[in-house]
2 protein chains.
Amino acid sequence: MPKEMLLCAFDMNCVGHQSQGLWRHPRDNSSEFNTMKYWQDLARTLERGLFDGIFLADVTGVYDVFGGTPDAALRAATQVPANDPFTIVPVMASVTENLCFGVTGSIPYEPPVSFARKISSLDHLTSGRMGWNIVTGYLDSAAKGVGAKQQTAHDTRYEIAAEYMEIVYRLWEQSWEEGAVLKDKETGVFTDPSKVHAIKHDGKYFKLEAVHLCEPSPQRTPVLFQAGSSDKGRAFAGAHAECVFIGGNSPEAQAIAVKKLRQEAVNNGRKPEDLKIFSVVTVIVAPTDKEAEEKLNDYKKYGDKKGALALLSGWTGMDLSKLDMDATIEQVESNAIQSALKSLGAATVGEWADALTIGGAGELLVGSPQAVADKLQHWFEVSGIDGFNLAYTVMPESVDSFVDMVVPELQKRGIYKTAYTNGTMRHKLFGEGARVSASHPAARYRA
Amino acid sequence: MPKEMLLCAFDMNCVGHQSQGLWRHPRDNSSEFNTMKYWQDLARTLERGLFDGIFLADVTGVYDVFGGTPDAALRAATQVPANDPFTIVPVMASVTENLCFGVTGSIPYEPPVSFARKISSLDHLTSGRMGWNIVTGYLDSAAKGVGAKQQTAHDTRYEIAAEYMEIVYRLWEQSWEEGAVLKDKETGVFTDPSKVHAIKHDGKYFKLEAVHLCEPSPQRTPVLFQAGSSDKGRAFAGAHAECVFIGGNSPEAQAIAVKKLRQEAVNNGRKPEDLKIFSVVTVIVAPTDKEAEEKLNDYKKYGDKKGALALLSGWTGMDLSKLDMDATIEQVESNAIQSALKSLGAATVGEWADALTIGGAGELLVGSPQAVADKLQHWFEVSGIDGFNLAYTVMPESVDSFVDMVVPELQKRGIYKTAYTNGTMRHKLFGEGARVSASHPAARYRA
């Protein structure tokens, strides 16, 4: 039996996540992201397509590197406005039974005790469908929101994150022993106090003493996601992550990244397959290749180049507003930008910015259901990843057409499930128990 | 036309909120508070009863004053386990259209920028049905959870709270001007950047610079609740609150408290009626007085005295575990406890603890629908309050029987609405616009 691919929707509680300007498309409804109905409809469609999960990205500041102001991002709705991603989890969970959630939570943004409680509360409400994408933050604007002058140095951020993880693991795994909750109506004992412990922590960055306020949720520790691509980030993923998101524009190059990641897991005493690795792609599908190309060209008419460059400026920390749109590859000073131009086959900066408006810097697959399935399957087999994280273009047709056209084609090939597995998110993804595996660092805090 | 009374359900994302031990009752389902269904069913019932809102209390630590440990609270499920109250708002909002939410958010527990964003996100999702109960915290155990040795001194807490309020008001009212969001598909301008401003704050307790990440929600500033009963607390309520919760066991005594509160509003340049004042009561109703008394006696069999005293120990900071249950009023050393014993008509500490198990220290009304309505109406008229905050006993029958029996009786008397008013929470409560009134301190940050 061939390996089945996993699928996540790559989304954010905002208008323009990866494809900037497409909110202008006549059929796009992403500017209704503030409403309950928008997320309920999306969740129902994803569950109809047997998606494993929806991954919610987040930023906790505005993209203000481009031109030194947030103006371009605001005009184009480039990840601003952006609402709290955790608030839409119960909305989507209330109309689904199997769809799981990978939600970005930024470590500098919330103290560990209240964060751990929020996650446990959501893991309860969703019957164990919660995942957490651990981020350490990358925007200075976000750091200023919590009173810092700029981002903490990159390596220090991972040091803080490691300490934060220890605290939340202890709250989730150690504060309430198995069997603490008795709910014994006869004896009148709801919780056996001898099995509940205050977590005392006195570290370099955090100091606290607290009983976790929630009884153990189905998974205790949520399924952990990570997307770090630096050495430190990869090491962190190897130690803590269960799911990893990676980007890339070639399955061959990605195969190397995948091997490195799995090696990091092994270096941390875990198995290579303890990591489920997802690659970000954007898909435009239509009944025929020709119609798909027409769809792409139609979408491009609405793309917002400045919005796309504002996004990329935030990611890279380089102010791309200074680039001349007519400049050719040879005229661009930065090597990083030169190689980006080359990889997208762009002749000028303007063409590059144009390409960025559809799916950002991620890989774009365009074609008939068969052609898209061919490409996904090839990518899947060559790269050694476990699945894809699908960015949207025009909402909701982007998701609708993938579910209606590509999913049946993948199922026909036997590389995509035809029914959900019951159980928690961790069980659905790894086929084992609801709790982190014995080799995971969170497991060492079990009583 | 007589004044109509407002009704809120007084609840918490936990098992035992005010009535300790009743989870043991054969018909009680409060130990299912971890599930989506529990809150959806409750929300539907409250909306059927035209309740104005559900008020969600919260604590961010355990009750460990009683005996110096959380053991009694854990055994009795006295406000522990207790999940994040904000996570159930979308659950209840998804099955209702008019029910509003007053949710407790503890100022030391979350940084202002992420808190303001969460509230705006929820105000969007609920179409303007969000309220926030401002608390400054009262448990040392909660303070330890954020790294402090104990509670900040009471007066300092209000100083911190005042600074926190200034920040969140500016994020909600000042960061995005009216008309900033254009969503103009023709020109491609989603947001006019000239109308969006970073909030810079450099104060005694907070320092930050941030653009609010959410576009203006229906109410911008949520409806503000407060429950402080100290002089500082009352002054804070007079300045900031739109709804105030008070306790008390006599409408005549409460009338004095109500006057003082309205005077504080006047002292702050506001109108007396700018405050909607709710009194906490617990109601046990049955078709006849006799059946209601039997219901009370049946409930009492399941009451947990130690759980009730653990709750009261946390509130008062006095370790009540040292009290002899057989001690009479005269034998008790504390004047505060003596007066509490007297007001409940208890002869001994044991009797007092017994009474506390049903509705805590709040007023308990027991009787037929007519008798309960008589008492509520009398209380309402004598005290000058605007409505009641109804604590539950056995769930869900406590709420079911109130909605089925008392609500029609109040409607018959013309003192309770027979249909909801459309619009936001603020509009429903005050009959005016969605935004804070011009005399409210948040209004001074409007552009």
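Letters A, B, ... are given to chains in the order of the sequence lines, protein chains preceding strands, and every chain is numbered from 1.
Looking at Pro112(B), neither its backbone nor its side chain comes within 4.5 Å of chain A, counting heavy atoms on both sides. Only the side chain of Val15(A) comes within contact range of chain B, judged by heavy atoms closer than 4.5 Å. Using a 4.5 Å cut-off between heavy atoms, Asp304(B) contacts chain A through its side chain alone, with no backbone atom that close. Contact annotation for Val95(B): neither backbone nor side-chain heavy atoms come within less than 4.5 Å of a heavy atom of chain A. When heavy atoms are compared at a cutoff of 4.5 Å, Glu186(B) approaches chain A solely by way of its backbone atoms N, CA, C and O. In this structure, chain B has a heavy atom under 4.5 Å from the side chain of Val196(A), while its backbone stays farther away.
Thr35(B) places none of its side-chain heavy atoms less than 4.5 Å from the side chain of His124(A). The side-chain heavy atoms of Ser121(B) and Pro85(A), taken from C-beta on, include no pair separated by under 4.5 Å. You'll find the side chain of Glu215(A) reaches within 4.5 Å of the side chain of Phe33(B), heavy atoms only.
Summarising the geometry of Trp23(A) relative to Phe190(B), their closest heavy-atom pair is CZ2-N, 3.5 Å, with the distance given to 0.1 Å. Nearest heavy atoms, Val80(A) versus Leu213(B): CG2-O, 4.3 Å. In plain terms, the two heavy atoms of Ala93(B) and Met36(A) that are nearest each other are O-CE, 3.5 Å. Contact record, Ala82(B) with Cys214(A): O-SG, 4.2 Å, taken as the closest heavy-atom pair. A pairwise comparison of heavy atoms in Leu125(B) and Thr87(A) identifies CD1-O, 3.5 Å as the closest pair.
Remark: the backbone N or O of His25(A) is paired with a side-chain donor or acceptor of Lys185(B) at under 3.5 angstrom. A donor-acceptor contact shorter than 3.5 Å is absent between the side chain of Arg24(B) and the backbone of Val189(A). Between the side chain of Arg117(B) and the main chain of Thr60(A), no donor-acceptor pair closer than 3.5 Å is present.
Summarising the local packing, NZ of Lys306(B) is surrounded by 12 or fewer heavy atoms from other residues, nucleotides or ligands at distances under 6.0 Å.
Looking only at heavy-atom pairs under 4.5 Å with chain A, the residue among Gly188(B), Ala198(B), Ser120(B) that has the most is Gly188(B). Chain B forms the most heavy-atom pairs under 4.5 Å with one residue out of His212(A), Lys37(A), Lys200(A), Lys183(A), and that residue is Lys183(A). Most heavy-atom pairs under 4.5 Å with chain A, from the set Pro90(B), Pro70(B), Pro111(B), Gly307(B): that is Pro90(B). Considering only heavy-atom pairs separated by less than 4.5 Å from chain B, the leading option among Ser94(A), Ala210(A), Cys14(A) is Ser94(A).
Residues Asp184(A) and Arg75(B) are not paired through a salt bridge, judged by the lack of any N-O separation under 4.0 Å between the basic side chain and the carboxylate.
Distance check: Asp84(B) CG to Leu122(A) CG gives 7.0 Å after rounding to the nearest 0.5 Å.
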